[in-house]
There are 2 protein chains.
Amino acid sequence: MQKEHNLSKNQKIIFDLIDKSGGPMKAYSILFNVQKKGIKAPLQVYRALDKLVEIGKIHKIESRNAFIACQNSSCQVSKATAFSICESCENVSEISNLKLSKYLSNFSDNSGMKYSKYNLEFFGLCKKCKSK
Amino acid sequence: MQKEHNLSKNQKIIFDLIDKSGGPMKAYSILFNVQKKGIKAPLQVYRALDKLVEIGKIHKIESRNAFIACQNSSCQVSKATAFSICESCENVSEISNLKLSKYLSNFSDNSGMKYSKYNLEFFGLCKKCKSK
DNA sequence: AACATTATGTAATAATATAACATTTAGAAG
DNA sequence: CTTCTAAATGTTATATTATTACATAATGTT
Ligand SMILES: [Zn+2]
Ligand SMILES: [Zn+2]
Ligand SMILES: [Zn+2]
Ligand SMILES: [Zn+2]
């Protein structure tokens with residue numbers, strides 16, 4: 001089970017916005033959208049984002065510098081993330097696949113390194129974009 | 001086999017620098033290092049980086065906004081990349097593991113999406129940093 | 001109440017990346 | 001060789017993403 005976190009005021013505003021958007025959002029787009037709620041500065045946004053990432057409520061899509069609400073309810077997801085990204089419409093969704101996550105969480109090579117975290121991004125064309 | 005690409009002047013300067021560094025380099029650090037060779041503007045660096053990424057001579061480490069020379073000689077590597085990143089010393093190395101790359105290249109879920117590319121980043125502590 | 005931790009507010013600035021436009025170089029085609 | 005085209009370069013300006021520094025306020029713990 002995921003630990004319950006009581007989000008602070010700014011964290012809640014920003015999480016709700018991202019969550020409702022249903023897709024990835026960029027920091028300055030978030031900023032623009034929450035200015036009417038009193039959040040005026042980039043740092044306020046980035047601080048909330050940092051915290052939300054830390055507790056696994058959102059994830060950063062590294063290749064896009066964007067943030068998406070976690071679509072997964074299981075534990076550990078913030079340390080083991082996988083996404084599919086459409087290179088045409090930029091639709092992003094979180095992949096929830098037990099076999100994949102087990103495979104990657106247990107992965108080890110001959111480097112002597114024990115991995116505590118991974119992030120995987122798949123790229124391609126989504127159904128819609130493929131049929132165009 | 002990888003197609004031979006004749007690198008242009010700027011591309012060669014920048015590739016050689018990254019390659020010799022042995023690790024990831026950031027764009028503006030590259031810029032600083034090649035200014036004595038006549039490359040004066042960020043765009044000159046980014047254009048060379050774009051091309052080098054495109055042809056697979058370097059890869060971008062998305063979580064670090066840094067670029068590393070490909071340590072892999074096999075084909076298709078630019079569409080199927082995996083890295084291990086030490087969160088303490090920031091050492092990065094490219095993972096070359098046939099089983100892993102086969103597993104991921106063949107991965108498909110129920111989204112109806114056919115993936116043409118992926119990038120995987122593992123995080124942890126390298127041998128050195130673990131023993132400190 | 002005292003203390004520590006977390007969150008907030010604000011301004012300035014750093015770091016990363018692209019747009020727009022002019023020019024040059026290198027290949028391919030005739 | 002000449003013409004055409006694609007790729008690469010040069011330059012200036014600007015857009016986008018993210019952090020530093022410092023002051024204050026709210027929250028939780030002992
Ligand atoms: Zn998630
Ligand atoms: Zn699409
Ligand atoms: Zn490679
Ligand atoms: Zn290390």
Side-chain angles (χ1 to χ4, degrees), chain A residues 3-18 21 23-68 78 85 87 90 92 119 121, chain B residues 3-18 21 23-68 78 85 87 90 92 119 121:
Chain A
K3 189 183 164 197
E4 250 319 302
H5 283 276
N6 296 320
L7 300 183
S8 73
K9 178 172 141 278
N10 288 1
Q11 288 160 15
K12 187 158 181 6
I13 291 171
I14 287 173
F15 174 72
D16 286 346
L17 175 68
I18 299 173
S21 87
M25 290 193 76
K26 309 200 120 205
Y28 277 72
S29 156
I30 293 168
L31 175 59
F32 179 79
N33 277 278
V34 297
Q35 276 177 332
K36 47 183 169 277
K37 304 225 173 186
I39 295 175
K40 290 171 196 158
L43 188 49
Q44 295 176 288
V45 173
Y46 280 105
R47 281 195 288 221
L49 291 173
D50 284 350
K51 186 69 185 182
L52 291 167
V53 166
E54 185 194 324
I55 65 180
K57 299 281 287 180
I58 64 172
H59 305 298
K60 182 170 187 183
I61 309 299
E62 295 287 357
S63 66
R64 299 299 187 260
N65 296 319
F67 300 85
I68 193 167
S78 69
I85 302 170
E87 290 186 293
E90 294 293 328
V92 173
N119 179 56
E121 299 181 1
Chain B
K3 190 185 164 199
E4 250 321 301
H5 282 278
N6 296 322
L7 301 183
S8 73
K9 178 173 140 278
N10 289 359
Q11 289 159 16
K12 186 157 181 9
I13 291 170
I14 287 172
F15 174 73
D16 286 345
L17 175 67
I18 299 172
S21 86
M25 289 193 77
K26 310 200 118 205
Y28 278 72
S29 156
I30 292 168
L31 176 57
F32 178 79
N33 277 277
V34 296
Q35 276 177 332
K36 47 182 168 276
K37 303 224 176 188
I39 296 175
K40 291 173 194 156
L43 190 50
Q44 295 176 289
V45 172
Y46 280 104
R47 282 196 287 223
L49 290 173
D50 284 351
K51 187 67 186 187
L52 291 167
V53 165
E54 185 194 323
I55 64 180
K57 298 282 286 182
I58 64 172
H59 305 300
K60 183 171 186 180
I61 309 299
E62 295 286 357
S63 65
R64 299 297 187 263
N65 297 318
F67 300 85
I68 193 168
S78 70
I85 302 170
E87 289 185 295
E90 295 293 329
V92 174
N119 178 57
E121 298 181 2

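Computed over heavy atoms, backbone and side chain alike; hydrogens, waters and symmetry mates excluded. Chain A is the first sequence line, chain B the second, and so forth, proteins listed ahead of strands; every chain is numbered from 1.
Remark: A:Ile30 CD1 to A:Ile18 CD1 distance equals 4.0 Å, nearest 0.5 Å. If you take CG on B:Asn33 and CG on B:Leu17, they are separated by 5.0 Å, rounding to the nearest 0.5 Å. Atom CD1 of A:Ile13 sits about 11.0 Å away from atom NZ of A:Lys36, to the nearest 0.5 Å. For the atom pair CG of A:Asn119 and CD1 of A:Ile61, the computed distance is 7.0 Å after rounding to the nearest 0.5 Å.
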Would you be so kind as to tabulate the donor-acceptor pairs closer than 3.5 Å made by side chains of residues 43-55 of chain A, with sequence neighbours excluded?
from	atom 1	to	atom 2	distance (Å)
A:Gln44	OE1	A:Lys40	N	2.8
A:Gln44	OE1	A:Ala41	N	2.9

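In terms of heavy-atom proximity, B:Arg64 sits nearest to B:Lys26 at O-CE, 3.1 Å. Of all non-hydrogen atoms in A:Phe15 and A:Lys57, the two that sit nearest each other are CE1-O, 3.4 Å. Nearest heavy-atom pair, A:Val92 versus A:Pro24, reported as atom, atom and distance to 0.1 Å: CG2-CG, 3.7 Å.
If you take CD1 of B:Ile55 and P of D:dA7, they are 13 Å apart, rounded to a whole angstrom. Between the NZ atom of B:Lys40 and the P atom of D:dT11 there is a distance of 5 Å, rounded to whole Å. Spacing between atom CD1 of B:Ile39 and atom P of D:dT11 amounts to 12 Å, rounded to whole angstrom units. Between the P atom of D:dA8 and the NZ atom of B:Lys12 lies a distance of 15 Å, rounded to the nearest Å.
Judged purely by atom type and a 3.5 angstrom limit, A:Glu121 uses its side chain to pair as donor or acceptor with the backbone of A:Glu62.
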Query raised in the report: What one-letter contact string describes nucleotides 19-30 of chain D from 5' to 3', where B marks a base within less than 4.0 Å of any protein heavy atom, S marks contact via sugar-phosphate atoms alone, and - marks no contact?
Result: BBB---------

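The side chain of A:Lys26 places no N or O atom within less than 4.0 Å of a non-bridging phosphate oxygen (OP1 or OP2) of D:dA18. Between B:Gln11 and D:dA8 there is a side-chain polar atom (N or O) within less than 4.0 angstrom of OP1 or OP2. Side-chain N/O atoms of A:Asn65 include one lying less than 4.0 angstrom from OP1 or OP2 on D:dA18.
When the nearest nucleotides of DNA chain D are assigned to B:Ala41 and B:Ser8 by heavy-atom distance, the more 5′-ward of the two goes with B:Ser8.
Residues of residues 29-37 of chain A that place a heavy atom closer than 4.0 Å to DNA chain C do not occur.
By the 4.5 Å heavy-atom criterion applied to side chains, A:Ile68 and A:Met25 are not counted as neighbours. Residues B:Ile85 and B:Ser63 are in side-chain contact: their nearest non-hydrogen atoms beyond the backbone lie under 4.5 Å apart.
Bounding nucleotides for the chain B contact on DNA chain C, 5' to 3', at a heavy-atom distance below 4.0 Å, are C:dT16 to C:dA20.
Contacts of B:Lys60 with the nucleic acid, taken as non-hydrogen atoms under 4.0 Å apart, involve only primed sugar atoms and P, OP1 or OP2.
Comparing the start and finish of the helix from C:dA1-D:dT30 to C:dG30-D:dC1, five pairs each, the helix axis swings through 50°, to the nearest 10 degrees.
Qualifying side-chain contact (heavy atoms from CB on, under 4.5 Å) partners for B:Ser8, counting only residues two or more places apart in sequence or in other chains: B:Gln11.
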